[in-house]
Structures are given as C-alpha cells and as structure tokens.
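Right, one structure below, let's go through it.
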Amino acid sequence: MFIGHFGVGLGAKSIDKRISLGTLFFASQFIDLLWPILLLLGLESVKIEASNTTVTPLNFISYPISHSMFAVIIWGILFAVVYYLIKKNLRGSILLGVLVFSHWLLDFLTHRPDLQLFPWSDYKVGLGLWNSFTGTVIVEGLIFFAGVFIFYKVGKLQSKSKKIWFWSLVIFLAAIYVMNLFGPPPPSEEPIAYVGLTQWLLVAWAYWIDRSDKVLPMSSASSKA
Ligand SMILES: [Zn+2]
C-alpha cells in the first residue's frame, strides 16, 4: 500500500487538529520511512520478482525490524512516547501511536503472506489484496480520497499558497501511484532504497502545507529592526 497510508494520515487531522500534517504523515508512513534506511544498512532485504503479486514486482524477503507486527507495536509506542515528551499532548500521542500501527494493518490487508508477526518467528501473514488489481485500486483510492476530503474540510488551509501546495501534493501522490501501478518494475534492487528515501520529502512537504501562520506584527518587527 502506498497512498492509502497518506490517506489515513490526512484523515487523522480530524481527530486532533493540533498535530501538523507533517507529523501525521511521519507516523502513518513511519515504517516505510525506516525501511529504505534498513535496506541500505543491509539489515533487511527485497528482491525484484516480476508478478510477485499482480500489483507489486517486489518480493519482500525479510523486513522484521520495520515490518513485523511486534516491531511495529514497539515503534508505535516509541513514537507516542517521544511525541508526548515533546508536546505533552496525551490524546495526540495515542493517535500517533495508533497511526504508526495502522500502517501495519493496511500492509496486512494488501501484502501476500510476507509479514512476520514476530521478528524471531518465521510465521508470516498477509491477506493479499495486491493479487487483485481492481480491488487494490478501489480500496486504496477510496482511503486516499476520503483522507483528502476530510483534511480539506478540517485542515483550514486559509492562504492561497497553502491550498496550492496542498493540491499539488495530492496530484503528485496520485501521479506516483499511477506510475507505480502501470510503470515498469525497477531495473535493480539498489534504486528501491534511494527512491524510498525521497519519501522524507513528502513529510517535509506536509509540514510546509500545515505550517502555522504566526507572523510578527509590523510594529514589533520594525521596533526590533
Ligand atoms: Zn509498509
């Protein structure tokens, strides 16, 4: 799953509006942000295998640190604790912990049985929605567009600039998704990690969209000059 995770992040804005969209994306996509780093470190591995499932040409050989259920629960708790220590927002920190785990649930729905429950056990699960092209596009598309709709309703993007940044992100994510669905598989394994790392830019982009507008009043700005 790709844009579905962003859809969940967008929709979560309705539960706690104090949390920036950047932080919501950071949480809902956390384990996929971690994954390319672990690939580059050689701690996890992936192979290209045309038609591993109908939707993805990737065979996720091993990713216990980023994607085993147990590890994701731990990542969710850690994420929540760190956020709580920084912001002292209990409700928000619980929401973010749940968002981290939501990623695993959506991956459980889409992946073939390649997700370990525990890093130390080889028992793997996955409902395999990726075996159905139409099913994947419908489910993921619905989650994404519901998220876009909810965020647009509750996110209060007042300035024209924020709206432009927001809609360009939506179009950008949708375009990447379409390219993933219809484009050729990656030429080799290595670029997968580097392309994966660029997702951090999406988090930065979301922080930029949802930045606060506190501007110094003219008088205090000029008196300080
Ligand atoms: Zn994932």
Side-chain angles (χ1 to χ4, degrees), residues 1-12 22-49 52-80 96-119 123-133 135-137 139-144 147 173-174 176-177 179-181 183 185-186 189-203 206:
M1 180 152 297
F2 176 63
I3 52 172
H5 299 302
F6 291 95
V8 172
L10 284 158
T23 310
L24 296 169
F25 274 7
F26 192 14
S28 67
Q29 193 61 350
F30 183 72
I31 61 174
D32 273 6
L33 291 162
L34 210 59
W35 179 63
I37 301 171
L38 296 166
L39 284 179
L40 289 172
L41 291 173
L43 296 169
E44 300 197 333
S45 60
V46 65
K47 283 259 170 293
I48 295 163
E49 189 184 294
N52 182 273
T53 60
T54 312
V55 174
T56 184
L58 301 184
N59 181 358
F60 300 92
I61 306 272
S62 162
Y63 50 173
I65 308 171
S66 65
H67 277 74
S68 72
M69 185 191 71
F70 179 83
V72 179
I73 291 172
I74 303 291
W75 288 124
I77 293 170
L78 283 174
F79 200 107
L96 291 167
V98 171
L99 271 185
V100 171
F101 191 67
S102 77
H103 185 115
W104 191 86
L105 288 177
L106 290 182
D107 278 4
F108 170 63
L109 174 70
T110 48
H111 285 225
R112 66 175 185 82
D114 60 23
L115 292 157
Q116 280 169 262
L117 290 181
F118 303 97
Y123 186 70
K124 293 177 177 176
V125 295
L127 297 177
L129 179 65
W130 270 345
N131 289 315
S132 161
F133 187 88
T136 301
V137 172
V139 171
E140 198 161 4
L142 282 176
I143 297 173
F144 181 65
L173 285 170
I176 292 191
Y177 188 56
M179 273 158 58
N180 279 342
L181 287 176
E189 278 81 12
E190 226 195 340
I192 299 171
Y194 292 109
V195 171
L197 282 179
T198 60
Q199 292 193 74
W200 286 91
L201 293 173
L202 299 172
V203 175

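Counting convention: from 1, in listed order, for ligands and their atoms alike. For reference, positions follow the sequence shown, starting with 1.
There is no side-chain donor-acceptor pair under 3.5 Å between Asp32 and His5.
With rounding to the nearest 0.5 angstrom, the OG atom of Ser28 is 11.5 Å from the CE atom of Met1.
Inclusion of His111 in the first shell of the Zn ion (ligand 1) is not supported: no N, O or S atom falls under 2.8 Å. For the Zn ion (ligand 1), the set of nearby N, O or S atoms under 2.8 Å includes one belonging to His103.
Few gaps surround CH2 on Trp130; more than 12 heavy atoms of other groups in view lie less than 6.0 Å from it.
A heavy-atom distance below 4.5 Å is not found between the side chains of Trp104 and Trp75.
Take the Zn ion (ligand 1) as the corner point: the lines to OD1 of Asp32 and to NE2 of His67 open at 80°, to the nearest 10 degrees.
No other N/O/S atom of Asp107 lies as close to the Zn ion (ligand 1) as OD2 does.
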